[in-house]
Structure formats: C-alpha cells, structure tokens
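Order of listing sets the numbers, starting from 1, for every ligand and every atom in it.
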Amino acid sequence: MPGATTDGRPSQEEAEAAVRVLLRWAGDNPDREGLRDTPARVARSYHELFAGYDTDPIALLERTFEEVEGYDEIVLLRDIRLESYCEHHMVPIIGRAHVAYLPANRVVGISKLARVVDAYAKRLQIQEKLTVQIANTINAVLQPRGVAVVIEAGHQCMSTRGVHKPGVSMVTSRMLGAFRDNPDTRRELLSMITPRPANPFEG
Ligand SMILES: [Zn+2]
C-alpha cells in the first residue's frame, strides 16, 4: 500500500482522515490525547494487515526443485496459522490452514506454501473464496497430481458481534486431482490432518 497515488489508491493523509471520521462516528473525540496518533497507526497497520494485495502468489511458487529421488507421496503442510479479515465486517478470521499436494516430478519450498496462504489471507476475504484461491493457484503453477486445502477458522464477526457465538469454527475444503477423484488418497490426507487437540484457537 504505497503512499503514492499513482495506482489510484488514496494517500496516507486521506486514509488517516477516514479513520478520524470513523472515530467520530463511533462517538469518540479523535483530538483527545489517547487517540491523537491513532489514525496514523491504523493507516500504517493496514500495510501489514492487507499486505496480500502487494504480493504475487504465482511468483512465490515459480521456483521448484526436481531432484526429489522420485518422491511421489503426499506433501502436507499442517496447522499453518491463518490470519485473515472478513470482507463483510472487516474483523479478523483466525484459524489454521492445511495445504497438501501430490508432486509430479517437482516440489516447492515448504515455506512458499505458507506464503501463498498469507498472500490470499492478508486481504479482505470470505473463507470459501480464500480456500479456493489457494488451491487453484498451487494447482495451476505446480501442476501436481492433486491439491488439497482445508481451512478451519473462527470468525470474529460471529463471536464478538452479531449472533455472539464464540468457539465456533468454520471448516472449508477444496480438493483437486487425486484428492478429489481417489477416495483412498482423500482418506489418507484426512487421517494426516485430523488427529490433534480440538479447537485450540479462539474465534
Ligand atoms: Zn463477517
């Protein structure tokens, strides 16, 4: 989120002015001491919270390794911390993602899978779309024999407002290739991600 407006984005000053409006809208006084620097802090923190808009997920996956001695079993990155933001209420979606693929001759550095999760999570999202975007991108770039993405997350728009139901997690999955077509492969994956303590995160 650069300060320049060449890409049509508002300036830092405009973003700060918008935060001041919301503070007044909420009923507070943006000129009181405790809030004086808040608009600048909020605007800066958006750089971090929404860093995904400036990340190209495809570029993250372009470097692969082919010397894998014929490894052709499931590669699973389990329990990736997920921090995203509900596009309807702009409040956090917190949970974890499990990302798996079945390599076809080449593999990618495992940290890259976590970075792809972040590239899509650090945007305004709904969980269903986030799940599909991660899986489809890995599928398109790596062209493996299968991709599976499972996300479990709590939505603060449900826990701290609205129906006020904390402790509820939403689970979404996207299965492609062998994970979709072969029941044994799908079962093997699910057995790899299920055994763990229940619901250790708080929506
Ligand atoms: Zn929401």
Undergrad: State, with a plain yes or no, whether a side-chain heavy atom of Q156 is found less than 4.5 Å away from one of C86.
TA: no

Undergrad: Salt bridge or not between E66 and R106? Use side-chain N to carboxylate O under 4.0 Å.
TA: no

Undergrad: For the side chain of Y85 and the backbone of H88, is there at least one donor-acceptor N/O pair under 3.5 Å apart?
TA: no

Undergrad: Keeping the roles fixed (side chain from Y101, backbone from V108), state whether a donor-acceptor pair exists under 3.5 Å.
TA: yes

Undergrad: Quick one: does any side-chain atom of R63 pair with a main-chain N or O of G109 as donor and acceptor, under 3.5 Å?
TA: no

Undergrad: Specify whether Y53 and F50 have parallel, tilted or perpendicular ring planes, treating 30° as the upper limit for parallel and 60° as the lower limit for perpendicular.
TA: tilted

Undergrad: Under 2.8 Å from the Zn ion (ligand 1), protein N/O/S atom count?
TA: 3

